[in-house]
A.B. asks: 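Sharing a structure, written as structure tokens. Questions coming.
Both backbone and side-chain heavy atoms feed into the values below; hydrogens, waters and symmetry mates do not. Computed from a prediction, not measured in an experiment: that's the story for all the values here.
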Amino acid sequence: MHEMSLVEGMRQIIERATADPGIAQVTRVRVEIGRFAGVETAALTFAWDVVMRGSKAEGAVLEIIDLPGSALCYDCGKIARIDSRLDPCPHCGSGKVMPEQGDEMRIKDLEVI
């Protein structure tokens, strides 16, 4: 389950971002995850609860923001939203598309007290 290592990386980022002694606790973490990132959200949520124990983010709400996928069509030159990497261009039907968005995973922001 690679979600465990993803959350361990998130913990390191959160610990660096909240190193200020004036920050007592993280109450919410919003994470953007692209449709093609290959992240299983149920596994990520489970790993979150386990990995965050003993940190400032223990008990924090993990909010996952699903980002759509998009691709550039080499035949018609348009950028279009797609649901799968293998989807054809919805404008012209071509299979020559290059994903532009949807692979990303990033912490968008933190709520702290």
Side-chain angles (χ1 to χ4, degrees):
M1 170 167 67
H2 77 285
E3 284 79 2
M4 188 70 77
S5 62
L6 291 173
V7 176
E8 287 170 353
M10 291 169 59
R11 180 179 172 144
Q12 291 174 1
I13 293 167
I14 292 167
E15 285 176 347
R16 283 194 301 268
T18 61
D20 183 331
I23 298 173
Q25 185 177 0
V26 177
T27 57
R28 178 180 307 274
V29 177
R30 293 192 319 156
V31 179
E32 296 177 324
I33 302 175
R35 174 130 331 138
F36 310 140
V39 177
E40 177 58 47
T41 56
L44 190 77
T45 302
F46 172 78
W48 174 263
D49 292 335
V50 172
V51 172
M52 292 304 158
R53 287 185 191 142
S55 75
K56 288 184 179 181
E58 182 174 1
V61 173
L62 176 63
E63 184 178 324
I64 298 171
I65 301 165
D66 182 39
L67 297 178
S70 66
L72 169 67
C73 177
Y74 287 126
D75 285 342
C76 72
K78 294 182 181 178
I79 295 176
R81 184 174 280 183
I82 58 174
D83 292 323
S84 166
R85 288 180 171 278
L86 301 176
D87 284 353
C89 174
H91 299 289
C92 71
S94 171
K96 298 178 193 172
V97 295
M98 171 61 98
E100 294 257 310
Q101 179 182 353
D103 288 330
E104 58 273 45
M105 178 180 169
R106 64 180 156 260
I107 296 174
K108 181 174 175 107
D109 56 30
L110 308 172
E111 286 182 14
V112 299
I113 55 174

A.B. asks: Assigning hydrophobic clusters by single linkage (Ile, Leu, Val, Met, Phe, Trp, Tyr; side-chain heavy-atom cutoff under 4.5 Å), is M4 placed with L6?
C.D. replies: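 Linked within one cluster.
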A.B. asks: Just by modelled atom types, is the V51 backbone N or O under 3.5 Å from a matching donor or acceptor in the R11 side chain?
C.D. replies: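 A pair under 3.5 Å: yes.
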A.B. asks: Hey, what do you get for OG1 (T18) to CG (L110), rounding to the nearest 0.5 Å?
C.D. replies: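 Going from OG1 on T18 over to CG on L110, the span is 7.5 Å.
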A.B. asks: State, with a plain yes or no, whether a side-chain heavy atom of R30 is found less than 4.5 Å away from one of I65.
C.D. replies: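 R30 vs I65: side chains touch.
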A.B. asks: Does the side chain of L62 come within less than 4.5 Å of V31's, by heavy atoms?
C.D. replies: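 Sidechains of L62 and V31: in contact.
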A.B. asks: So, the side chain of K78 versus the backbone of H91: is there a donor-acceptor pair under 3.5 Å, distance only?
C.D. replies: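 Flag not set: sc K78 to bb H91 has no pair under 3.5 Å.
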A.B. asks: Measuring only between side-chain heavy atoms, which start at C-beta, is M10 closer than 4.5 Å to W48?
C.D. replies: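 Answer yes - side chains close enough.
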A.B. asks: Has E63 got a side-chain atom pairing as donor or acceptor with R28's backbone, closer than 3.5 angstrom?
C.D. replies: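 No: the side chain of E63 does not pair with the backbone of R28.
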A.B. asks: Just how far is it from atom CG of L67 to atom CD of Q101, taken to the nearest 0.5 Å?
C.D. replies: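 Here the interatomic distance stands at 6.0 Å.
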A.B. asks: Out of curiosity, M52 CE to E8 CD, how far, rounded to the nearest 0.5 Å?
C.D. replies: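 M52 atom CE to E8 atom CD measures 9.0 Å (nearest 0.5 Å).
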A.B. asks: Between CD1 of I79 and CD of E100, what distance do you get to the nearest 0.5 Å?
C.D. replies: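 Reported to 0.5 Å precision, the distance equals 4.5 Å.
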A.B. asks: I113 pairs by side chain to side chain contact (heavy atoms under 4.5 Å, CB included) with which of I23, T27, V26?
C.D. replies: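 One option only clears the test, and that one is T27.
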A.B. asks: Atom OG in S55, atom CD in Q12: separation rounded to 0.5 Å?
C.D. replies: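 Answer rounded to 0.5 Å: 12.0 Å.
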A.B. asks: In the structure I gave you, are the side-chain heavy atoms of I33 and L44 within less than 4.5 Å of one another anywhere?
C.D. replies: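 Side chain of I33 against side chain of L44, heavy atoms only: contact under 4.5 Å found.
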